[in-house]
Amino acid sequence: MERIGKLPKLFLAVVFIILYAPIFYLIFYSFNSGGGMSNFESFTLEHYAAVFEDKRLIIIVINTVIVALLSALLSTTIGVMGALAIYFMRNKKMRNAVLSLNNILIVSPDVIIGASFLILFTILGVKLGFASVLISHIAFSIPIVVIMVLPKLAEMNPTLIDAALDLGATRKDIMRRVILPFIQPGIFAGFFLALTYSLDDFAVTFFVTGNGFSTLSVEIYSMARTGISLTINALSGLIFIVTVLLVVGYYAINQKLKTPFAGVKK
């Protein structure tokens with residue numbers, strides 16, 4: 001039995017090593033004073049300084065954060081309304097059909113979604129740039145939010161709504177004081193997932209971005225094509241740290257929501 005218990009742990013450890021070893025290898029050489037990743041000469045922060053001295057790169061970082069925050073906020077708002085609409089559908093077949101269409105967008109390859117948006121924007125005459133990237137990120141983030149919110153709605157006891165109606169609550173009060181507080185963890189989960197998907201996306205953004213506007217993922221790809229530069233390592237290291245902070249922040253908020261009365265003394 002001990003052997004069976006150790007095997008899954010060993011397998012999990014190997015998986016984490018395979019996933020994280022290249023990242024830490026990349027970050028380690030971001031402190032190399034040499035020009036490559038074959039020989040570590042001495043410790044330096046010049047590559048990180050180069051990242052912050054590059055004004056164009058700073059603008060791209062700001063663009064990426066703005067797009068991510070706006071798309072996460074808007075997609076969360078629309079996704080919550082969409083999840084509520086699906087949940088309260090009385091026609092079961094229609095509800096399953098809409099949910100299936102939502103799930104198809106999640107599993108569809110990013111290349112197909114990006115190419116579809118490019119064709120759509122070309123037909124409509126939309127100039128590729130900030131607007132096209134923002135609209136695309138909102139669109140592919142909405143299904144993610146819907147999937148995060150629907151399970152929380154399914155967990156909610158319908159009698160809560162009936163009880164609120166019996167007590168004289170209006171539909172607005174029920175939404176504000178019963179439904180939204182109950183599904184709050186799902187809303188936060190959807191927001192943070194939409195945020196990370198937007199920050200991380202490359203394939204869709206690559207299709208819909210235009211001249212004069214770029215995001216970090218596209219910029220790193222362009223920098224990597226011109227040759228290996230330790231500035232890319234430094235930039236990737238910074239992105240990894242920010243990602244870790246976002247994940248830790250999400251779990252901290254989620255834990256706080258699960259134990260709202262932890263600080264109350266009995």
Side-chain angles (χ1 to χ4, degrees), residues 64-110 112-113 116-117 133-165 167 169-201 203-205 243 245-262:
T64 305
V65 172
I66 290 173
V67 169
L69 287 173
L70 283 176
S71 64
L73 184 62
L74 293 171
S75 62
T76 301
T77 304
I78 299 169
V80 169
M81 291 190 291
L84 290 168
I86 293 172
Y87 178 76
F88 286 110
M89 276 185 182
R90 294 183 179 180
N91 190 322
K92 191 175 180 180
K93 289 184 179 179
M94 179 64 71
R95 182 170 55 199
N96 291 335
V98 174
L99 188 57
S100 298
L101 290 172
N102 181 81
N103 295 341
I104 288 171
L105 291 174
I106 294 176
V107 299
S108 295
D110 290 343
I112 294 175
I113 295 173
S116 301
F117 275 120
V133 173
L134 179 61
I135 293 169
S136 302
H137 282 218
I138 292 170
F140 71 66
S141 296
I142 289 172
I144 299 167
V145 177
V146 171
I147 287 296
M148 289 294 103
V149 175
L150 273 176
K152 295 304 297 180
L153 285 169
E155 289 176 12
M156 185 175 64
N157 193 334
T159 57
L160 289 173
I161 298 174
D162 295 334
L165 288 170
L167 292 171
T170 63
R171 294 190 179 275
K172 186 178 179 181
D173 290 332
I174 292 171
M175 182 63 66
R176 188 165 53 91
R177 297 185 178 182
V178 179
I179 297 175
L180 289 180
F182 190 88
I183 65 173
Q184 197 175 53
I187 295 173
F188 274 106
F191 175 81
F192 279 108
L193 270 178
L195 183 68
T196 52
Y197 266 74
S198 179
L199 289 170
D200 184 56
D201 181 72
V204 176
T205 308
T243 305
L245 291 174
L246 284 173
V247 172
V248 171
Y250 161 69
Y251 278 110
I253 293 171
N254 197 30
Q255 196 66 28
K256 191 174 180 181
L257 290 172
K258 285 181 179 178
T259 55
F261 304 107

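Computed from heavy atoms alone, side chains included, the values below leave out hydrogens, waters and symmetry copies.
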Is the number of heavy atoms from other residues, nucleotides or ligands within 6.0 Å of CE (Met156) greater than 12? yes
Report the distance from atom OH of Tyr197 to atom CD1 of Ile106, rounding to the nearest 0.5 Å. 8.0 Å
Using the side-chain hydrogen bond (donor to acceptor under 3.5 Å, both in side chains) rule, collect all pairs that involve residues 87-109, keeping only residues at least two apart or in two chains. none
Could you walk me through whether Glu155 and Ile183 pass side-chain contact (heavy atoms from CB on, under 4.5 Å), step by step? CA-CA 9 Å; Glu155 289 176 12; Ile183 65 173; over 6 Å; no
Can you see which heavy atom on Ser71 is nearest to which on Ser75, and at what distance? O-OG, 2.5 Å
Can you confirm whether Arg176 is buried at CZ, in the sense that more than 12 heavy atoms of other residues, nucleotides or ligands lie under 6.0 Å from that atom? yes
Nearest 0.5 Å please: distance from the CG atom of Asp201 over to the OG1 atom of Thr196. 11.0 Å
Can you check whether Leu134 reaches His137 side chain to side chain, under 4.5 Å on heavy atoms? no
Sole candidate of Thr64, Val67, Val133 that passes side-chain contact (heavy atoms from CB on, under 4.5 Å) when paired with Ser198: Val67
Taking the side chain as every heavy atom from C-beta outward, state whether Val145 and Ile78 have any atom pair closer than 4.5 Å. no
With heavy-atom distances below 4.5 Å as the criterion, would you say the side chains of Ile147 and Leu193 are in contact? no
How close do Ala68 and Leu199 get, counting heavy atoms only, and between which atoms? CB-CD2, 3.6 Å
Please name the pair of heavy atoms, one in Leu105 and one in Ile113, separated by the smallest distance, quoted to 0.1 Å. O-CD1, 3.7 Å
Could you pull out the closest heavy-atom pair between Ile187 and Leu180, with the gap in Å? CD1-CD2, 4.1 Å
May I ask you to decide if Ile138's main-chain N or O and Ser141's side chain share a donor-acceptor pair within less than 3.5 Å? no
Measure the spacing between CZ of Phe192 and CD1 of Ile144 and express it to the nearest 0.5 Å. 15.0 Å
Atom CD1 of Ile135 and atom CZ of Phe117: how far apart are they, to the nearest 0.5 Å? 8.5 Å
Shortest non-hydrogen separation from Phe191 to Leu73 and the atoms involved: CE1-N, 3.8 Å
